[in-house]
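Residue numbers count from 1 along this sequence.
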Amino acid sequence: MDLYDLVKVAHIIGAAVLFGTGAGIAFFMLMAHRTRDAALIAHTAQIVVVADTLFTASAVVAQPLTGGTLAHLAGYPLFSGWIGLSLILYAVTGAFWLPVVWMQIRMRDLARVAVRTGQPLPPAYFRLFRVWFAFGFPAFAAVLGILWLMVTKPTL
């Protein structure tokens, strides 16, 4: 296996981690939210925050490094064509993901307070959840677009 193949495997694993962790986080947060159980939400949100820190953040750093290396090794121009569009979609994903990380931490903290005080989840939690949920759609669509571009490499 040569350098290109090794970097390509790392890049594909990073893409799978981004897609899989994002989908898993969304599913588990939604399922916890539907219970309206502050203790379950606090626990799930804590796991989500850890998963985002370990997996998503690592892949977020690795993807442009491996992608840039692949483009260089293959002789593709980095900021044009399908790679340029992928980078734009990557920025869109990041623009929605960064606030989501903060929202997950805040929702976790609000749920912890509700558990500690024996109170129901506050309206601020539900407002944050709605925004968090809405932000997932453009971020997920952008990731799907990037995956499509990576596989098809269309002429743009």
Side-chain angles (χ1 to χ4, degrees), residues 5-71 82-154:
D5 288 336
L6 285 171
V7 175
K8 188 174 184 179
V9 167
H11 193 66
I12 292 168
I13 290 169
V17 167
L18 279 176
F19 181 80
T21 305
I25 282 171
F27 176 78
F28 290 115
M29 280 295 290
L30 177 61
M31 292 298 105
H33 170 78
R34 290 180 51 167
T35 69
R36 303 293 197 255
D37 179 338
L40 180 60
I41 291 166
H43 179 73
T44 302
Q46 176 59 36
I47 293 169
V48 161
V49 168
V50 170
D52 250 351
T53 302
L54 290 175
F55 301 111
T56 309
S58 299
V60 163
V61 171
Q63 284 308 98
L65 297 175
T66 57
T69 301
L70 286 171
W82 67 271
I83 296 175
L85 182 53
S86 293
L87 291 171
I88 291 168
L89 291 173
Y90 196 73
V92 168
T93 302
F96 284 96
W97 176 69
L98 287 172
V100 158
V101 171
W102 173 83
M103 287 181 232
Q104 290 166 174
I105 292 167
R106 184 74 182 121
M107 287 187 292
R108 177 203 63 196
D109 293 347
L110 288 168
R112 283 178 173 173
V113 169
V115 170
R116 193 170 51 250
T117 62
Q119 297 294 314
L121 291 163
Y125 166 83
F126 293 100
R127 283 191 301 274
L128 275 173
F129 183 85
R130 284 190 299 274
V131 175
W132 176 88
F133 189 77
F135 273 32
F137 288 98
F140 193 72
V143 169
L144 288 176
I146 294 166
L147 290 172
W148 180 81
L149 290 166
M150 283 174 38
V151 171
T152 63
K153 297 176 180 56

TODO: Would you please classify the geometry between the Phe133 ring and the Phe129 ring as parallel, tilted or perpendicular, with 30° and 60° separating the classes?
DONE: parallel
Open item on the list: When you compare the side chain of Trp102 with that of Leu128, does any pair of heavy atoms fall below 4.5 Å?
Closed with: yes
Open item on the list: To check you understand the geometry: which heavy-atom pair defines the closest contact between Val115 and Ala38, and what is its length?
Closed with: CG2-C, 3.5 Å
Task: Minimum-distance pair of heavy atoms, taken over all atoms of Thr66 and His11 - done: OG1-ND1, 2.6 Å
- [ ] Look up atom CZ in Arg112 and atom NE2 in His43, then write down how far apart they are to the nearest 0.5 Å.
- [x] 11.0 Å
TODO: Would you check if Phe135 and Trp97 make a side-chain contact, meaning some heavy-atom pair closer than 4.5 Å?
DONE: no
Task: Heavy-atom pair with the smallest gap, counting every atom of Ala59 and Val17 - done: CB-CG1, 4.0 Å
- [ ] Of all the heavy-atom pairs spanning Ile41 and Ala32, show the shortest one and how long it is.
- [x] CG1-O, 3.4 Å
Open item on the list: Test of understanding: with side chain to side chain donor-acceptor pair (under 3.5 Å), list the residues that count as partners of Thr56, not counting sequence neighbours.
Closed with: Asp52
Open item on the list: I'd like to check Ser86 versus Trp82 (side-chain heavy atoms, cut-off strictly below 4.5 Å). Are they in contact?
Closed with: yes
Task: Crowding at CZ, Arg106 (>12 non-hydrogen neighbours, <6.0 Å) - done: no
Open item on the list: Tell me the closest heavy-atom pair linking Arg108 and Ala45, and the distance in Å.
Closed with: CB-CB, 3.5 Å
Task: Residue pair Met107 / Val48, side-chain heavy-atom distance below 4.5 Å - done: no
TODO: Determine the minimum heavy-atom distance between Leu65 and Thr69, stating which atoms define it.
DONE: O-OG1, 2.8 Å
Open item on the list: Between Leu121 and Leu110, is there a side-chain heavy-atom distance shorter than 4.5 Å?
Closed with: no
TODO: Measure from the side-chain N and O atoms of Thr21 to the backbone N and O of Leu18, and report whether any donor-acceptor pair falls under 3.5 Å.
DONE: no
Task: Inter-residue atom distance Arg127.CZ - Met103.CE, 0.5 Å rounding - done: 13.0 Å
Open item on the list: Rounded to the nearest 0.5 Å, what separates atom CD1 in Ile25 from atom OG1 in Thr44?
Closed with: 11.5 Å
Open item on the list: Run the side chain to side chain contact (heavy atoms under 4.5 Å, CB included) test on Phe28 and Ile47 for me, step by step, so that the C-alpha distance in whole Å, both residues' side-chain angles and the decisive distance to 0.1 Å come before the verdict.
Closed with: CA-CA 10 Å; Phe28 290 115; Ile47 293 169; over 6 Å; no
TODO: State whether the number of non-hydrogen atoms from other residues, nucleotides or ligands found under 6.0 Å of Phe137 atom CZ is greater than 12.
DONE: no
Task: Heavy-atom side-chain proximity of Val50 to Phe55 below 4.5 angstrom - done: no
TODO: Take atom CZ of Phe96 as the centre, draw a 6.0 Å sphere, and report whether it contains more than 12 heavy atoms from other residues, nucleotides or ligands.
DONE: yes
Task: Non-hydrogen side-chain atoms of Ile105 and Asp109 separated by less than 4.5 Å - done: yes
Open item on the list: Is there a side-chain contact between Met31 and Thr35 in this structure, where contact means two heavy atoms from C-beta onward sitting under 4.5 Å apart?
Closed with: no
- [ ] Take Ile146 and Gln63 through the side chain to side chain contact (heavy atoms under 4.5 Å, CB included) test and state the conclusion after the steps.
- [x] CA-CA 11 Å; Ile146 294 166; Gln63 284 308 98; over 6 Å; no
